Every structure is written in C-alpha cells, then in structure tokens.
Amino acid sequence: MKDENFLKENNARHLWHPMAHPADSISNPPDIIVGGEGVEITDVDGHRTVDGVGGLWNVNLGYSCQPVKDAIAAQLDRLPYYSIFRGTTNDLVIELSWMLKDFFEEDGLSRAFFTSGGSDSVEIALRLARQYHKVRGESGRVKYLSLKKGYHGTHTLGASVNGNANFRTQYEPLMPGCYHIPAPYPYRNPFAETDPGKLAQKCLAALEDEINFQGPETIAAFIMEPVLGAGGVIPPHESLMPGVRALCDKHGILLIADEVITAFGRTGAWSGSRLWGVRPDLMCTAKAITNGYFPFGAVMVSDEVAEVFEGDKSGKGAIGSGYTYSGHPVGAAAAIACLKETERLQVKDNAAARGTQLFDGLTALKEKYELIGDVRGGHGLMCAIELVADRESKTPIDKKTIGALHRATYENGAMVRVSGNNVILSPPLVLNSKHVDTILTALDAGFASLG
Ligand SMILES: Cc1ncc(COP(=O)(O)O)c(C=O)c1O
C-alpha cells in the first residue's frame, strides 16, 4: 500500500466518485477506509468505527466472513472465469440456482437469471417483463409504473422508473412510458395524509387511476421496493404491497419486487415481499447475495412467468439479455458460501431484534433533538432520521449542518450515511446490542456537538 501522505494527497484527484460532485470530493476528501473486521472499519489514520452503513447495504455478514473469503480464493484457483452464455455453464451456478430455488420457495420463485449487480438486475427484470407479454401475444404492454421516492439503480431503464429527481434530471430525456405514483411517505405527501393506512389506500387509488388512464393493456409491470431504501427508508403500511399485488393481478400487470437491499434478511424476514405476504412475479436481488465481496446479482423468476418462456415455441422466448459476468463462477462460489452462512446464522432474527433496538433508540433521540423531524424504520436493520430546520415548516436541514453531524458522529465511533437531509442506517445484520449502542451514542454526541 502507498503511504498515508501519498493517499491523502491524491485522494479524489484522479477518480470521480459515484453520487458525488467531483469538486466537492476534492474540497471535502472522502474518508480513506483501509481495513474491516467484524462490523467495524478502520481508516487510514487508524480510527476505528462501527459501520452503520454495512458497506452499502450489502456487507450483511460483516467483514470477517471467512467461508465467503475461502470460497472466493478456492474458486480463483479452480476456475477463475467461464461464461454461461448459450452452450456452456459452470458447476457452481447450477448449485447456486438450486439453492436459490429453495431459499425463495415461499416467495414462489424458482428460476434465477444472474447479473453483475443491482442495476443490472433491475434492467433485466424490466426487460424480461416486456418480453413476457410479447411471448404471450400482448406486445402492447410496454409501459412501467413505479413509486416516487423509489430507487432502482442508475441504468437508463432503472433511472426512468426511479422516483428521485437527483438521479434523473441531469440524464434526461429518460425512457418514455414510465409513470410514477405518490410514495407511501406519511411525513410528506400530496394528500397531507399522516395516517399510514389511509395513505396506503390513497396511493393504491392513485395507482388504479393511473392504470386506467394509461390503459391496462399498455402496461408491462409495476416495480417497487418492499421497503423504500435509498429514497430515505420509507416502510409502507402493511396493506400497500398486497394492494399493489391485487391491482396487478386484476389488470394483468407483472409485479417486480426490487429487493436489491431487502432480500436475504435485512427487514427481519428473508425477503421484503415475504414480510408483506406477497408473491412477486420477478424479484431483483444483488448486494448481500455475496456479502458485498463480489459484484453479483440474481433476478428470481416465478413459476408462472417461467412457464411462459419455457413453453414458448415461437422463438420469442429466447433471452437476448445478459452480461459477460452473468453467472461468474467466483461470484457463484461467494454466493453459495454466503447463502449457507446467512441461513446458518439465521441473520433475519438478529436483524429484527437489533432493528427494534436501533429504531427505539432513534425515536428516543427525536425526543431530545428538535432537528429530528421524522424517524423511520421498525422493520429490521434499515432506519432513517430526517433532519429539518424546524419541525413546523419541515424545511430540510442545510448541507453544512448535516455534514457536521456526520463528521462528529464518525469521530464518536460510527460511520453513518447522509443522503439529502436524511441520515440512513443499514448496518451489518450480525452486529450485537453493544454495536447498536455505539451507533446511538455516537449519533447522540454528533447532535450534541451541533450546539
Ligand atoms: C433497491 C435498489 N435497487 C437497485 C440498486 C442498484 O444496485 P447497484 O448499485 O448494485 O447497481 C440499489 C442500490 O442501492 C437499490 O437499493
């Protein structure tokens, strides 16, 4: 490794960071993380903190998951790469697809299409949805519906169904045929509705209105996160996703669950769809599938959708999508080991218990600090606090204050993530109650330092 001075001097000078302004990265250089152990990370100055971000919602099993590391190393020696495009496969993707079929059996998903990450999974699911209707002879079904505030990665189809302006505006024009429904966000919504159940009904009414306005025969799919994540952690009322499922069924629309962050236990259930008792037609997964140690993803496909493709005699069912790294044997090896560890440790149970502790602790902080306008969570280890200049007007807090909070929290022992006026928490699912306490006391110290 280059020495500390070299790293600090060249920090952000010769690379552009995702989701950052290049000039800002130079004037506020990012923390240089050089080590990870358990659920903690260490920076170049030797400062160690609990990772309240969990890498990026993906290091669910922490940084010391030896079985995944061993599986990657062993596979690099055995077969570091081979393609699974038509005509060849590898032993590990066969095994992994069999394991995933078992893991997602309760969700009604039995086929896997492998990708290189979350944005790829979203892209594949959206493409397969259109193709499904074409194979069935409904080629007019090409449009997509989604939720405002939803995040579906940054490929152009994904950005088109994305519900946040900051991932869209500079890249417009996006894909035509994508329409958005109000988010189930009780703190701010166009209906001025604070009751989550009533708000869910209003969102569903808006969805049906849009379906009828567009014409159901023109719509391919509705895509949603079971709990909205990157848009600010917005858990919908329990009636929302079942209501969406019912409307999709009524109008022949496929339901795509974007579970890039919620699959594999984060919500306290093995999938976010299962949390709400819903069976999607397609499910996007990535991130925790390899514990973040290898870029990998899988789109899971329901039996019903699979039958349409597999029973096709016209040739239209041939899949014209895929990536060089689809089904990468090293990624598959990582995913097999990761899935075994995920199940062995039953991480969903710890996610539920520690998630409650974290949510309760954040709710207590709200009593103490006026700057906290809203606390969201309550479903596993995904929480957010929304900061406002004053509670009455709900004016979002300025960048400088939230930046200062982030810094002070970090100095006091916890890495948290700032997104707009939200602080987002998504720690590894294997953290213990002391680690949660550390995150809470670091945040408390962070708020106290703002004066
Ligand atoms: C719900 C959701 N979908 C898609 C993505 C995109 O995944 P990736 O960054 O791996 O491309 C993310 C990333 O955070 C996500 O949260």
Side-chain angles (χ1 to χ4, degrees), residues 33-43 48-73 99-100 103 118 227 229 233 259-272 274-275 285-297 331 333-362 377-384 409-410 413-417 423-443:
I33 307 303
V34 296
E37 194 186 351
V39 300
E40 295 182 339
I41 47 172
T42 307
D43 71 17
R48 201 173 158 120
T49 58
V50 171
D51 183 14
V53 193
L56 201 51
W57 318 80
N58 52 353
V59 185
N60 282 11
L61 308 177
Y63 295 91
S64 305
C65 191
Q66 203 55 42
V68 178
K69 295 182 188 185
D70 290 344
I72 290 174
M99 288 173 71
L100 288 169
F103 189 85
V227 176
V233 184
E259 301 234 19
V260 167
I261 56 181
T262 49
F264 308 110
R266 181 155 295 280
T267 65
W270 281 135
S271 71
R274 221 176 293 180
L275 177 73
T285 76
K287 295 207 187 247
I289 194 169
T290 56
N291 203 31
Y293 294 3
F294 196 91
F296 201 78
I336 290 169
C338 185
L339 210 49
K340 284 184 187 159
E341 275 302 276
T342 298
E343 290 197 282
R344 186 182 71 79
L345 298 169
Q346 289 289 306
V347 291
K348 67 174 176 38
D349 299 336
N350 195 53
R354 299 283 72 80
T356 302
Q357 182 191 353
L358 184 62
F359 183 57
D360 290 348
L362 296 173
H379 299 283
L381 281 167
M382 46 194 305
C383 293
T409 305
Y410 183 67
M415 174 67 97
V416 297
R417 181 157 168 243
V423 173
I424 296 185
L425 295 159
S426 52
L429 307 190
V430 294
L431 89 174
N432 64 31
S433 62
K434 281 203 184 116
H435 298 125
V436 174
D437 285 340
T438 303
I439 294 173
L440 292 168
T441 50
L443 273 170

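Quick note: numbers below take in every heavy atom, side chains included, and nothing from hydrogens, waters or symmetry partners. Given the structure is predicted, the values throughout are model-derived calculations rather than measurements.
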Would you find a donor on one side and an acceptor on the other, under 3.5 Å apart, between the side chain of [X] and the backbone of [Y]?
{"X": "Asn350", "Y": "Arg354", "result": "no"}
{"X": "Glu341", "Y": "Val68", "result": "no"}
{"X": "Tyr293", "Y": "Cys338", "result": "no"}
{"X": "Glu40", "Y": "Arg48", "result": "no"}
{"X": "Gln346", "Y": "Glu343", "result": "yes"}
{"X": "Lys287", "Y": "Asn60", "result": "no"}

Residue pair [X] / [Y]: nearest heavy atoms and the distance that separates them:
{"X": "Ala333", "Y": "Ala71", "value": "O-CB, 3.6 Å"}
{"X": "Asn291", "Y": "Leu61", "value": "OD1-N, 2.7 Å"}
{"X": "Thr267", "Y": "Ser271", "value": "OG1-O, 4.1 Å"}
{"X": "Gly54", "Y": "Pro428", "value": "CA-CD, 3.6 Å"}
{"X": "Gly413", "Y": "Thr438", "value": "O-CG2, 3.7 Å"}
{"X": "Gly355", "Y": "Cys383", "value": "O-SG, 4.5 Å"}

For the [atom1] atom of [X] and the [atom2] atom of [Y], what is their distance to the nearest 0.5 Å?
{"X": "Tyr410", "Y": "Ile41", "atom1": "OH", "atom2": "CD1", "value": "5.5 Å"}
{"X": "His379", "Y": "Leu275", "atom1": "NE2", "atom2": "CG", "value": "6.0 Å"}
{"X": "Ile336", "Y": "Thr290", "atom1": "CD1", "atom2": "OG1", "value": "12.0 Å"}
{"X": "Asp51", "Y": "Ile33", "atom1": "CG", "atom2": "CD1", "value": "8.0 Å"}
{"X": "Leu362", "Y": "Leu443", "atom1": "CG", "atom2": "CG", "value": "6.5 Å"}

- Can you check side-chain contact (heavy atoms from CB on, under 4.5 Å) on Arg417 and Leu56, steps first, answer last? CA-CA 9 Å; Arg417 181 157 168 243; Leu56 201 51; 4.0 Å; yes

[X] versus [Y]: any side-chain heavy-atom pair under 4.5 Å?
{"X": "Phe264", "Y": "Leu339", "value": "yes"}
{"X": "Thr285", "Y": "Phe296", "value": "no"}
{"X": "Lys348", "Y": "Leu429", "value": "no"}
{"X": "Ser433", "Y": "Gln357", "value": "yes"}
{"X": "Leu381", "Y": "Leu431", "value": "yes"}
{"X": "Val430", "Y": "Leu345", "value": "yes"}

- Partner set under side chain to side chain donor-acceptor pair (under 3.5 Å) for Arg274, not counting sequence neighbours: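 Asp107.
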
- Message: Does Trp57 form a side-chain contact (heavy atoms from CB on, under 4.5 Å) with Ile424? I'd like the steps, not just the answer.
- Response: CA-CA 10 Å; Trp57 318 80; Ile424 296 185; 3.7 Å; yes

- Derivation and outcome, side-chain contact (heavy atoms from CB on, under 4.5 Å), residues Arg266 and Ser426: CA-CA 8 Å; Arg266 181 155 295 280; Ser426 52; 3.7 Å; yes

- Could you walk me through whether Lys69 and Ile72 pass the side-chain contact (heavy atoms from CB on, under 4.5 Å) check? CA-CA 5 Å; Lys69 295 182 188 185; Ile72 290 174; 5.9 Å; no

- Task: Would you please name every residue forming a ring-ring contact (aromatic ring centres under 6.0 Å, His included) with His435, sequence neighbours left out?
- Result: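 If we apply the ring-ring contact (aromatic ring centres under 6.0 Å, His included) test to His435, skipping adjacent residues, there are no hits.
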
